[in-house]
Every structure is written in structure tokens, then in C-alpha cells.
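Nothing here was measured: the structure is a model prediction, and the numbers come from that model.
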Amino acid sequence: QVQLVESGGGLVQAGGSLRLSCAVSGRPFSRYTMTWFRQAPGKERQFVAGINRNGGSTSYGDSVKGRFIISRDNAKNTVSLQMNSLEPEDTAVYYCAADDTSVVFTTSSMYDYWGQGTQVTVSS
């Protein structure tokens, strides 16, 4: 059974930074395309960032391009999301999601495995 656990969320002022991490159990981790989605209260789940199996290809949602960076460490079975220049609109629960695919998909329904989420709150 594949399990994902997010950490690193918290409260930060606008313009600040946070780094989220997702620890993944289940092998081989390198088979999984890894993604971050987020969901604010009353809103649909939104694609944030994704990285393919070998880390050679990344994708970002339009609202976070140039501010967020996704990375992975296959030796440690982790994926991270460095969030810079945070805005109040970034406030949401952030979820790590994975699936055994060769490319990054931006649709949440494409992913079978999800973490429990970590709260990110950005104050103005």
C-alpha cells in the first residue's frame, strides 16, 4: 500500500516562504509521478506542481509559476515544494498526490494516491 504524508505547512506573512515535504512509502518510489494540489474552503482542488519519475520534467499551475519549485529525492522517497513570494490567495490545504505514470497530469482524478494534506495560511 502506498502512503503519503505531508509536512511543513504553517502560517506565514505575504511575501514569505515555506517549504512543504511529502514522505512516500511504497517501492519503487521512482515509478511515481509526484504532484502537489491545493484546496481552499469552498473551492475545487487545484493543480499546483508536478514532477515526473526521474525529475527531468516539471509542470506548474499558472498561478504559481515563477514562485514555487517542486523537487524530488528518489533516494529518500520524498518530494518537496518550495513556496516563495507567498500571497493570501495561496492559502489552502496542500496535498501530495502520486500515480504510476510517465508524465505529469494536471487533473486530480488521474492520481490514485493522496496524502492527508497540510494547511498553509498566508496573511496579508
- Answer yes or no for R72 and Y32: cation-pi contact, defined as NZ/CZ to six-membered ring centre under 6.0 Å and angle to ring axis within 45°. no
- State which residues pass salt bridge (charged side-chain N to carboxylate O under 4.0 Å, His left out) with K43; sequence neighbours excluded, sorted by chain then number.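 Counting only residues at least two positions away or on another chain, K43 forms no salt bridge (charged side-chain N to carboxylate O under 4.0 Å, His left out).
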Hydrophobic cluster identity match, [X] and [Y], side-chain contacts under 4.5 Å:
X   : Y    : result
V93 : V48  : no
I51 : M110 : no
V64 : F105 : no
W36 : Y113 : yes

- Task: Using the test ring pair (Phe, Tyr, Trp, His ring centres under 6.0 Å), find all partners of F37 that sit at least two apart in sequence or belong to another chain.
- Result: F47, Y111, W114
Is any side-chain heavy atom of [Y] closer than 4.5 Å to one of [X]?
X    : Y    : value
V79  : I70  : yes
V2   : V24  : yes
L81  : F68  : yes
V103 : T101 : no

Nearest 0.5 Å please: distance from the [atom1] atom of [X] over to the [atom2] atom of [Y].
X   : Y    : atom1 : atom2 : value
S25 : L4   : OG    : CG    : 7.0 Å
M34 : T58  : CE    : OG1   : 14.5 Å
R45 : S109 : CZ    : OG    : 11.5 Å
N54 : T33  : CG    : OG1   : 9.0 Å

Where is the tightest heavy-atom contact between [X] and [Y], given as atom of each residue plus distance?
X    : Y   : value
D73  : F29 : O-CE2, 4.0 Å
Q116 : Y95 : O-CE2, 3.5 Å
K65  : Y60 : CE-O, 3.3 Å
N77  : G26 : ND2-O, 4.4 Å
S30  : N74 : CB-ND2, 3.6 Å
E6   : C96 : OE2-N, 2.7 Å

- Task: State whether the side chain of R31 and the backbone N or O of R53 hold a donor-acceptor pair below 3.5 Å, judged by distance alone.
- Result: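 Such a contact is absent between R31 side chain and R53 backbone.
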- Query: Are S21 and T78 close enough that a side-chain donor and a side-chain acceptor fall under 3.5 Å?
  - Reply: no
Name each donor-acceptor pair under 3.5 Å that joins a side chain in residues 83-91 to protein atoms two or more places apart or in another chain, with its distance.
from	atom 1	to	atom 2	distance (Å)
N84	OD1	S17	OG	2.9
N84	OD1	Q82	NE2	3.0
D90	OD1	R38	NH1	2.8
D90	OD1	R67	NH2	3.0
D90	OD2	R67	NH1	2.7
D90	OD2	R67	NH2	3.4
D90	OD2	E87	N	2.8
T91	OG1	P88	O	3.0
T91	OG1	V122	N	2.9
T91	OG1	V122	O	3.4

